[in-house]
Each structure stands twice: as structure tokens, then as C-alpha cells.
Asker: 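This is the structure, below, for whatever I ask next.
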Number of protein chains: 2
Amino acid sequence: MAGTQAETGLDPLDRAILLALVEDASTTNKALARRLGVAESTCAYRVRALRRRGVIRGATVRLDPAALGSPVQAMIKVRLGSHSHEHVNTLYDALAAVPGALQVFHVAGADDFYLHVAAADALALRDLVLNHITTHRVVRQTETHLVFDHREGAGLLPR
Amino acid sequence: MAGTQAETGLDPLDRAILLALVEDASTTNKALARRLGVAESTCAYRVRALRRRGVIRGATVRLDPAALGSPVQAMIKVRLGSHSHEHVNTLYDALAAVPGALQVFHVAGADDFYLHVAAADALALRDLVLNHITTHRVVRQTETHLVFDHREGAGLLPR
DNA sequence: CTTGAAATTGAAGCAGG
DNA sequence: CCTGCTTCAATTTCAAG
């Protein structure tokens, strides 16, 4: 079974802490401790341990792309002509640096990269592809799919 | 031009705050104010305003899927047989609820959904597809692509 | 919108169980 | 590994520029 305590070293308290922090990372340690029924110092100790062990990699704020002027999202499949290690890594870096790039997936299959982007409108999306992706010689083909909607999933802390 | 102050109502201070909080949401308000050269109360006021206006949707912790026992990631393309509003919405909900589902994209094109998942190993991935995706009658076809690597992009707050 | 100072609240350190 | 207590630091509030 995946994600058990034996395999991950996470007990139910750790999981409850992670669940709460994924939902709202700005929960105070005090509130967290009270909700989970442990001492504040215990709760703080656990959170620090989770960070130290690398389970928690950091904290971010979730932004609304539309509120930032980019209400249009797309998934752009990028196919390469050459798959030399150097070409792949160079393009990977270039894709991650594209203005409006939200995430980049390096995947197996006919397409090499999936680039999730946000842009102001369809025209800006076209310009993004023409100015930052197809300009790379190693790119053989791109395919842009409009993203109607995007959700977070249940994640790895079921229950 | 996308993302200008006129269009988004965000001045340079707002952008600097967002940039800092995206990088590390656990930055204290005090440190943030000092770094940006404004009063603590001003900084706190701006952050509250950004939350109220919906630019900041919330805060989360970044977890390491591998540390949670799921080092294998995949992108699963899901194609439907019927595209009635009801079928699409029902499946959307079902995909988001799949254990290990990190994100779901509802996209335009031949494939209807891209499901980004994490699993313990290849076998768990197979079981995930067979038990939670192809079991839905409306699913006509799936295509699972291993995710070699996954990065965050430059985002919407260019320098 | 911004500010500084007061008042409240939360976090960190530590010795003991 | 967990806890309560003390000390220290951060956040919130607010009247005023």
C-alpha cells in the first residue's frame, strides 16, 4: 500500500498537519495545535521536522491569473526534432522562462514537453508561441490546446 | 500590453509583494516591509487588500510527492465518448477525486481531460487507471504518459 | 494611501517528564 | 518524543498626516 506510515514515516498527526497546511498555509501554529488537540510546542516541532525532512518543500500563495491580467490558459505540447541531452535541457530551461509559463512537464511519448501557460487573450497566446517557442530550432512542432478549466486534485493525503 | 498597472490595478509595490510571497509565503510581514522599504502596517494593508480583491486566493505548502511515498508521476489523457454537459461535469468531479490526483485540466481538443497524478510505482499507476478512470462508462480512451520531471514556470510576475 | 506607537497575539527556547 | 512555562518577536489596531 502506498503512503503508509511504515513507508513514509508519517504518522496520523503528521498527515493531519499536512492536510491542514495544504488547505491553508497561513494557519497559525496555535490554531493548528488546538484543532488537532496537541500542545503548541509539539505542533511546531512536527512542522519543523516535516520541513527538515523535505516533506514540506516550502510555502506559496495561490494567485488568480485572471486578476493579474491573463484570463486565458492553454496547454502547449512541444515536440522536438533532436533529443540530444543538451538540446532537451536547453529547451526545458527556455520553456520554464517563457513569460506567463505556469508549469512545464517533461514527459515520455511523442510530445516531449507540456507547457501550461496563461495569457491576456488569444492574440497574446499566439505571440507567445511564435516568439518564445517555435523560434527555437530544435522545436519541430507545437500544438496549443485551450484550457477551459483547471482544478487541483484530491492529492496524496486521502481521506 | 498584458498585466499593466492600468489593466490590473496593481502598482509596483503590489507586484513586489506578490513576487516575494510566491517565492516564500512564510516570509514575515515585518521582513517583507523592511525589504521593500515601507512601514509594516502599509505592507500588511496591501497584503490584506490583495487577498480581499482575490488576487491572492490563499496560501499552500509545496509537498514532495516522493517523500509521501509516490515518486512516480504521470499525465493521463482522458477522451470521452459522450460530451453531454452532465457527463463532462460528472467525470470532471470524479477525476479530481482520484486518490493521487494532483491537478485536472479540462481542455479543448481530441482529449477532454489531462489528469496529473502521482503514484507509488508503475503498478499502482496501472491500478489507478483501471480502478478509477476506465471504470467510467463515458471514458472512451486513456493515454498515460510518464512525467520525467515537472517544474514551475516563470509565472505572471515578470521582473 | 501611508505611518508610527500601543495593545494583543503568536512563536521560540528550554528544562523536565 | 511530548509538554508547560517563560521570554522574545510579530501582527493588529487605530488615530492622525
Side-chain angles (χ1 to χ4, degrees), chain A residues 1 3-64 66-69 156-157 159, chain B residues 1 3-64 66-69 156-157 159:
Chain A
M1 188 57 193
T4 59
Q5 180 174 345
E7 289 177 11
T8 61
L10 300 177
D11 69 9
L13 178 57
D14 288 320
R15 292 184 169 271
I17 289 173
L18 292 176
L19 207 52
L21 291 183
V22 165
E23 193 182 337
D24 180 10
S26 58
T27 308
T28 66
N29 181 68
K30 185 174 190 141
L32 198 54
R34 191 167 43 79
R35 199 201 310 181
L36 301 180
V38 294
E40 292 173 28
S41 41
T42 301
C43 197
Y45 174 87
R46 292 294 193 112
V47 173
R48 251 182 288 122
L50 287 167
R51 280 184 176 270
R52 185 181 43 76
R53 286 163 52 188
V55 178
I56 296 177
R57 293 179 95 108
T60 22
V61 288
R62 280 187 290 255
L63 301 183
D64 179 5
L68 286 155
L156 295 164
L157 299 162
R159 156 78 156 86
Chain B
M1 190 53 194
T4 60
Q5 180 173 344
E7 289 178 12
T8 60
L10 299 177
D11 69 8
L13 178 57
D14 287 322
R15 293 184 170 270
I17 288 172
L18 292 175
L19 207 54
L21 291 183
V22 165
E23 192 182 337
D24 181 11
S26 58
T27 307
T28 66
N29 180 67
K30 185 175 189 140
L32 198 53
R34 190 167 44 79
R35 199 197 313 177
L36 301 180
V38 294
E40 293 173 25
S41 43
T42 302
C43 197
Y45 174 87
R46 292 294 194 112
V47 173
R48 251 182 288 124
L50 287 167
R51 280 183 176 272
R52 185 182 43 76
R53 288 163 53 189
V55 179
I56 295 177
R57 293 179 96 107
T60 23
V61 289
R62 281 187 289 255
L63 300 182
D64 179 5
L68 287 158
L156 295 164
L157 298 162
R159 145 129 332 264

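Computed from heavy atoms alone, side chains included, the values below leave out hydrogens, waters and symmetry copies. Naming: A, B, ... by sequence-line order, numbering from 1 per chain.
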Asker: For A/R35, give me all partners under salt bridge (charged side-chain N to carboxylate O under 4.0 Å, His left out), at least two apart in sequence or on another chain.
Answerer: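 Not a single residue meets the salt bridge (charged side-chain N to carboxylate O under 4.0 Å, His left out) criterion with A/R35.
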Asker: Search all heavy atoms of A/A59 against all heavy atoms of A/R51 and return the closest pair with its distance.
Answerer: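 What the structure gives for the nearest pair is CB-NH2, 4.2 Å.
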Asker: Side-chain atoms of residues 18-28 of chain A: list all donor-acceptor pairs with protein atoms under 3.5 Å, sequence neighbours left out, distances to 0.1 Å.
Answerer:
{"residue": "A/D24", "atom": "OD1", "partner": "A/S26", "partner atom": "N", "Å": "3.0"}
{"residue": "A/D24", "atom": "OD1", "partner": "A/S26", "partner atom": "OG", "Å": "2.6"}
{"residue": "A/T27", "atom": "OG1", "partner": "A/D24", "partner atom": "O", "Å": "2.6"}
{"residue": "A/T28", "atom": "OG1", "partner": "A/A31", "partner atom": "N", "Å": "3.1"}

Asker: Determine the minimum heavy-atom distance between B/A44 and B/N29, stating which atoms define it.
Answerer: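 Looking at all heavy atoms of both residues, the shortest contact is N-OD1, 3.3 Å.
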Asker: Which pairs count as salt bridge (charged side-chain N to carboxylate O under 4.0 Å, His left out) when at least one residue sits in residues 36-48 of chain B, sequence neighbours excluded?
Answerer: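 Qualifying pairs, neighbours excluded: B/D11-B/R46, B/D14-B/R46.
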Asker: Which residues pass the side-chain contact (heavy atoms from CB on, under 4.5 Å) test with A/A49, not counting sequence neighbours?
Answerer: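 By the side-chain contact (heavy atoms from CB on, under 4.5 Å) rule, A/A49 matches A/R52.
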Asker: Give the residues of residues 47-55 of chain B touching DNA chain D, defined as any heavy atom closer than 4.0 Å, sorted by residue number.
Answerer: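 Heavy-atom cutoff 4.0 Å gives no residues at all.
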Asker: Specify the separation, in whole Å, of atom CZ of B/R35 and atom C1' of D/dA10.
Answerer: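 That distance rounds to 16 Å.
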Asker: Could you list where the contact with chain A starts and ends along DNA chain C, reading 5' to 3', using a 4.0 Å heavy-atom cut-off?
Answerer: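 Extent of the interface on DNA chain C: C/dG10 to C/dA11.
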Asker: Might you work through the side-chain contact (heavy atoms from CB on, under 4.5 Å) test for B/L156 and A/L63, ending with a clear yes or no?
Answerer: CA-CA 9 Å; B/L156 295 164; A/L63 301 183; over 6 Å; no
Asker: Just jot down the salt bridge (charged side-chain N to carboxylate O under 4.0 Å, His left out) partners of A/R57, sequence neighbours excluded, or say none.
Answerer: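 Testing A/R57 for salt bridge (charged side-chain N to carboxylate O under 4.0 Å, His left out), a comparison that skips the adjacent residues, returns B/D64.
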Asker: Once you round to the nearest 0.5 Å, how far does CZ of A/R62 lie from OG1 of A/T60?
Answerer: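 Separation between the atoms: 8.5 Å.
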Asker: Indicate the atoms forming the closest heavy-atom contact of B/L10 with B/R53, along with that distance.
Answerer: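 That closest heavy-atom pairing would be CD2-NH2, 3.5 Å.
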Asker: Looking only at heavy atoms, what is the nearest atom pair of B/L36 and B/A16, with distance?
Answerer: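 Nearest heavy atoms, B/L36 then B/A16: CD2-CB, 3.9 Å.
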Asker: Reading nucleotides 1-9 of chain D from the 5' end, what letters show protein touch, with B for base, S for backbone sugar-phosphate only, - for no heavy atom under 4.0 Å?
Answerer: SSBB-----
Asker: Report the end-to-end axis angle of the helix from C/dC1-D/dG17 to C/dG17-D/dC1; each axis comes from five terminal pairs, and the value is rounded to 10°.
Answerer: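 Computed angle between terminal axes is 40°.
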